[in-house]
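Reading through the structure tokens given below for one structure.
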Amino acid sequence: MLSPHRRWTRDPPLSSVTSCVRRGLCSKRHSLWMLLVLLLVCVAFQTFVTRSARTDKLTGPGPGLPDLRFTVNKQPSPSLQKVWEHWQNTRPLQTDRPDLHHQKGGHRKPSDHILLTHVDKILNPTAGSQLEEQLDPGPLGLRSTRNHLTAGPVERLVHSPTTSGTKISCHPKSHIVFLKTHKTASSTILNVLYRYGESRNLTFALPVNKHSQLFYPFFFASHFVEGVSSRRVTEFNIMCNHMRFRKSEVVKVMPDDTFYFSILRHPVSMMESIFIYYKSIPAFHKTRSLDDFLDNSRRTYNSSVTNNHYAHNILAFDFGFDNNVAADADDLEERASRAVAAIERDFHLVLISEYFDESMVLLRHALCWSLEDMVSFKLNSRSERTRHQLSADTPEKIRRWNALDWRIYLHFNATFWHKVDSLVGREQMKREVSQLRELQLKLANTCLKDGGAVDPSQIKDAGLKPFQYGAAVIQGYNLNPDLDPQTRTQCQRLITPELQYTERLYTQQFPELAAKLKHAPRKVPPQRQRSDRTAVMGRVWSSGGHHRPVIRHRVSNLINLKASTSGLLAHTAAHNKTGVP
Ligand SMILES: Nc1ncnc2c1ncn2[C@@H]1O[C@H](COP(=O)(O)OS(=O)(=O)O)[C@@H](OP(=O)(O)O)[C@H]1O
């Protein structure tokens, strides 16, 4: 038989409850306790609501709009946690010779934990890893589970060495605009930014409708960014796709404390690269050689023809200036000074492609990122067989033809080293550059099958083939087949070409839109397609070439993505009053 107490617990008679409540309410002490409990519940609820509002960077859908919320996983994925734990294993450090990657049994293949141990060692020779304090995700963009990081922009303190050798603390920047200039190693930097942002769930200001460029070569307008017009995204972290810069529009999208940077390349090597890559643009396609173009350009170059801007002062063009200026123009110096002053005003840092590793170190100091964040493999590089030796007098001809770019480059080449001196110091720079190279070598040994770049015909995974264009053969990478799944994923990010990575991020940020776009037919009238720049690029693409079979697998997609699309033009023409100069 049940005791009276247990019977009450199972089936409390109504009278007992009401008398209990009455007793409780009548007693002053009980009332106070109840009030206190209520207060605590309220406080807990309010805290919960405030936190959710702060972490949710997206607003709800506008009236009548479908809910297209950004659904990126806000927690470090379990697989990444596993990899990190894997890294923590105290397995003995083994050699990382690439020839051991394929050995079964005996020697274990050099694994990701070796990388971490190595990184720890070179970045922090003393006990108690600085990496742990920095809460960095590791050289492959991994997140540490040791530090119980929350997702989203990471507010951590980084201890960064200064020119005087002392360490200062700083907060890593996560509001960034990178003006992606052409043929300047900008795709390699894009990959660094993509990995950094993806591993921290940062929000990218990606081109609308899954395009890979921000409607280049039109002047940038804020509505080119997915999520701006719909107001679904309220805070962007990183904007880094090709655009023609227009600050007044960029500031409408990016937060006030955004860090602006870009990269320049020596106009001579840049022109050689551009001539091969954009061989099919009207300015180049009938010319026999670069010298042929340069010797006749004063007479034959037509700046008003679509796509010809690639052939003349392209750096100035990308920064938003008028690129049509002759070397003997009266106002050349004045225009160059104005361009330099505007770039100085609008950009916190201008990097130099010729000093790529130094640039990465300088950037890391400016952004307060770790050296690990800056690792990369060279992307978008041409095969040696599509490089052309310049004759002795060609460099001077290029400098004259691109006189505006040349002046801009000279200025920022000088200020680059002033920045190195003031921000890092030459000795520290040397140390960090060699650390960075050491790290990259380790990564190459771990991640890459052939230890380096290969021609597109050698790339096994069709999804990792870079976009091929013009007369250039753009190289890519094969992954080491022996990688464990998690390491493979991280290595893959390092070698994912721009188009594929952009598409993936778009799909992560806007899954519903991406799904819709996959099935939506292009809404551009055929006659428009034939006359716009997309058609020009498309024709070039399909006109054949020795490397074409290599990239057939995604031809239609890639034309749409890289080489400005018809949709892009239709959209841009409607919105952009500036248009092509
Ligand atoms: N790390 C590093 N250091 C030095 N140079 C590098 C690096 N990464 C890429 N590159 C070279 O940059 C050229 C490709 O530039 P982009 O990626 O900006 O091209 S693109 O405009 O996005 O198509 C391309 O130059 P060319 O090979 O002369 O064409 C690449 O080889």
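Whatever order the structure lists them in is the order used to number ligands and atoms, beginning at 1. Source: prediction; values computed, not measured.
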| field | Shortest heavy-atom approach to atom 3 (N) of ligand 1 - which of F275, Y277, F356, Y216 | value | F356

| said: Closer than 4.0 Å to some heavy atom of S381 - which atoms of ligand 1 meet that? | reply: 27 (O), 30 (C), 31 (O)

| message | Which of the numbered atoms in ligand 1 are under 4.0 angstrom from any heavy atom belonging to T181? | response | 18 (O)

| Would you call E396-R399 a salt bridge at under 4.0 Å N-O? | yes

| query | Nearest to atom 7 (C) of ligand 1 by heavy atom, K180, K378, E384: which? | reply | K378

| note | Closest to atom 25 (O) of ligand 1 by heavy-atom distance, out of R382, R265, K183, H182, is R265

| query | Which ligand 1 atoms are under 4.0 Å away from a heavy-atom of L379? | reply | 8 (N), 9 (C)

| Is a salt bridge present between R385 and D455, judged by a nitrogen-to-oxygen distance below 4.0 Å? | yes

| field | Polar side chain donor-acceptor pair, H365 to E432, under 3.5 angstrom | value | yes

| remark: Any heavy atom of E272 under 4.0 Å from ligand 1? The part involved is neither

| said: With heavy-atom distances below 4.0 Å as the criterion, list the atoms of ligand 1 near T188. | reply: 7 (C), 8 (N), 9 (C)

| Contact atoms of ligand 1, heavy-atom distance to S273 under 4.0 Å | 26 (P), 28 (O), 29 (O)

| task | Report the part of I276 (side chain from C-beta onward, or backbone N, CA, C, O) that has a heavy atom under 4.0 Å from ligand 1; answer both or neither where that applies. | result | neither

| query | So, R265 and D405, do they make that salt bridge, N to O below 4.0 Å? | reply | no

| field | D318 with R244: basic N within carboxylate O range, under 4.0 Å | value | no

| Should we count CZ of R488 as having more than 12 external heavy atoms under 6.0 Å? | no

| Between Y278 and ligand 1, is there a nitrogen or oxygen pair with a distance under 3.5 Å? | no

| said: Tell me whether the NZ or CZ atom of K247 lies within the 45° cone about the ring axis of Y260 and under 6.0 Å from its centre. | reply: yes

| said: Does the structure place the NZ or CZ of K183 under 6.0 Å from the centre of the six-membered ring of Y277, at an angle of no more than 45° from the ring's axis? | reply: yes

